[in-house]
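Encoded as structure tokens, the structure appears first; notes follow it.
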Amino acid sequence: PRPAGRRLTHLVRDFLYAQRVQAPVELYSDWLAMGNVNEFVTFVPTSDKKRFRMLLASPAACYRLFREKQKEGQGEATMFKGKGTQPGTRGDIFPAGYTKRVTINKVLSNDALAQQNQYVQRCIDWNRDILKKELGLLEEDIIDLPALFKLDKQGKAVPYFPNTVTMMVLTRDLGVPKPFGPVAGGECCLEQQIRALLEPLGLCCRFLEDVTSYHDSLGEVRCGTSVQRRPFSFQWWHFTP
């Protein structure tokens, strides 16, 4: 963590441990431009014994998917269709897809982007190991959602396309940032893959266009929305661990 982050983390950590209700799990997020853990991890409910799955952003999963589509002859499938024709407010860090045609072939041939995503994947894997240990998770409890990142001028990671992990979880309904992935056969292969991973769990994916409203300013759906949860029936602050 950065020096300023360490000072804040120390104060927050001491406060959380003092509550004695639930031990905090400390994750590494300084590699992100915004530094929020929900940019690479979230949780969704399930009806099985585990009661939830952990979702992780995964550049490795995205590259696997794109290579599969390339082998299927869909290498010229275009990304960012309908995303607009002008660069966003942070044009220095967003892909040239706003003004130029970006295909699966171009993404896979971009060595610099691949190296950046290998670095991001290592950062996520570091957190993956922490979460597995602290939460007692097995690999079968984790779902890798395809994601790509790009490093800005400060060497911090930002989403290459809208980050689907930053979804809104409304019980079984998921408000997922529309990724504008490669379109083949009239369907976005990223949306197709995410549905295939999550809908068998009884979840419903609703893809929301948030590029102009949030993504251009390094945000996603969560940045302008919130969920009102039903409170516990007991006074949790009286709970003795």
Side-chain angles (χ1 to χ4, degrees), residues 38-46 53-85 88 94-98 100-108 110 113 117 120-121 124 142-150 158-216 218-225 227:
N38 65 12
E39 294 177 69
F40 64 85
V41 62
T42 194
F43 298 85
V44 294
T46 62
R53 291 291 187 279
M54 183 172 76
L55 310 184
L56 286 176
S58 175
C62 190
Y63 274 95
R64 283 196 300 270
L65 176 63
F66 281 12
R67 290 189 187 102
E68 289 174 6
K69 295 303 177 183
Q70 187 182 57
K71 289 180 181 178
E72 294 171 2
Q74 298 177 7
E76 289 303 304
T78 304
M79 301 181 67
F80 309 118
K81 280 190 174 181
K83 197 174 181 182
T85 58
F94 286 106
Y98 288 95
K100 296 180 181 179
R101 184 168 176 262
V102 176
T103 64
I104 289 176
N105 287 337
K106 287 184 179 179
V107 170
L108 293 180
N110 189 330
L113 183 66
N117 277 279
V120 169
Q121 187 65 61
I124 294 173
I142 304 171
I143 297 175
D144 293 308
L145 295 188
L148 284 182
F149 292 83
K150 185 175 182 178
V158 297
Y160 186 80
F161 53 75
N163 185 359
T164 59
V165 167
T166 63
M167 64 182 69
M168 283 276 295
V169 180
L170 303 163
T171 313
R172 299 291 177 181
D173 291 304
L174 308 177
V176 186
K178 187 176 180 64
F180 289 93
V183 175
E187 187 172 6
C188 168
C189 69
L190 292 172
E191 291 186 23
Q192 186 179 41
Q193 178 73 354
I194 291 165
R195 284 196 175 100
L197 291 169
L198 299 180
E199 292 189 346
L201 299 174
L203 302 168
C204 179
C205 298
R206 303 179 186 277
F207 292 93
L208 309 176
E209 205 277 86
D210 73 345
V211 172
T212 303
S213 52
Y214 300 114
H215 180 75
D216 279 353
L218 296 185
E220 301 292 2
V221 171
R222 279 183 177 176
C223 296
T225 55
V227 180

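The figures that follow rest on heavy atoms only: side chains count, while hydrogens, waters and symmetry mates do not. None of these values were measured; they are calculated from a predicted model. The first residue of the sequence shown is numbered 1, and numbering continues consecutively from there.
- Side-chain N or O atoms of R101 include one that pairs as donor or acceptor with a backbone N or O of E76 at under 3.5 Å.
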Inset, instruction - Applying side-chain contact (heavy atoms from CB on, under 4.5 Å), run through M167 and L145 and close with a yes or a no. - result: CA-CA 11 Å; M167 64 182 69; L145 295 188; 3.8 Å; yes

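- For the side-chain contact (heavy atoms from CB on, under 4.5 Å) test with P179, the passing option among Q193, E191, M79 is E191; the others fail.
- Between atom NZ of residue K71 and atom CD of residue E68 there is a gap of 8.0 Å, rounded to the nearest 0.5 Å.
- Residues T164 and P177 come closest through the heavy atom pair CG2-O, 3.5 Å.
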Inset, instruction - Applying side-chain contact (heavy atoms from CB on, under 4.5 Å), run through I143 and L201 and close with a yes or a no. - result: CA-CA 11 Å; I143 297 175; L201 299 174; 3.6 Å; yes

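- Side-chain contact between F66 and T103 is absent, with no heavy atoms from C-beta onward closer than 4.5 Å.
- Q121 places a side-chain N or O within 3.5 Å of a backbone atom of A60 that can act as its donor or acceptor partner.
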Inset, instruction - Test side-chain contact (heavy atoms from CB on, under 4.5 Å) on L148 and Y63 and set out the steps. - result: CA-CA 8 Å; L148 284 182; Y63 274 95; 3.4 Å; yes

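- Atom CZ of R172 has more than 12 heavy atoms from other residues, nucleotides or ligands within 6.0 Å.
- Shown here for F161 and A147, the closest heavy-atom pair between the two residues is CZ-CA, 3.7 Å.
- No side-chain donor-acceptor contact under 3.5 Å links N38 to the backbone of T166.
- Side-chain contact between L198 and L55: present, with at least one pair of heavy atoms (C-beta onward) separated by less than 4.5 Å.
- Aromatic ring centroids of F80 and Y160 lie under 6.0 Å apart.
- The two residues C189 and L65 come nearest to each other via the heavy atoms O-CD2, 3.9 Å.
- Distance check, rounded to the nearest 0.5 Å: SG of C62 to CG of D144 gives 12.0 Å.
- Nearest heavy-atom pair, P45 versus V169, reported as atom, atom and distance to 0.1 Å: CD-CG1, 3.8 Å.
- Nearest heavy atoms, N110 versus L113: OD1-N, 3.0 Å.
- Among all heavy-atom pairs drawn from V165 and A57, the shortest one is CG2-N, 3.4 Å.
- Note that CG of L174 and CD of E199 are 9.0 Å apart. Values are rounded to the nearest 0.5 Å.
- Ionic pairing of K69 and E72 is present here: one or more N-O contacts between side-chain nitrogen and carboxylate oxygen are shorter than 4.0 angstrom.
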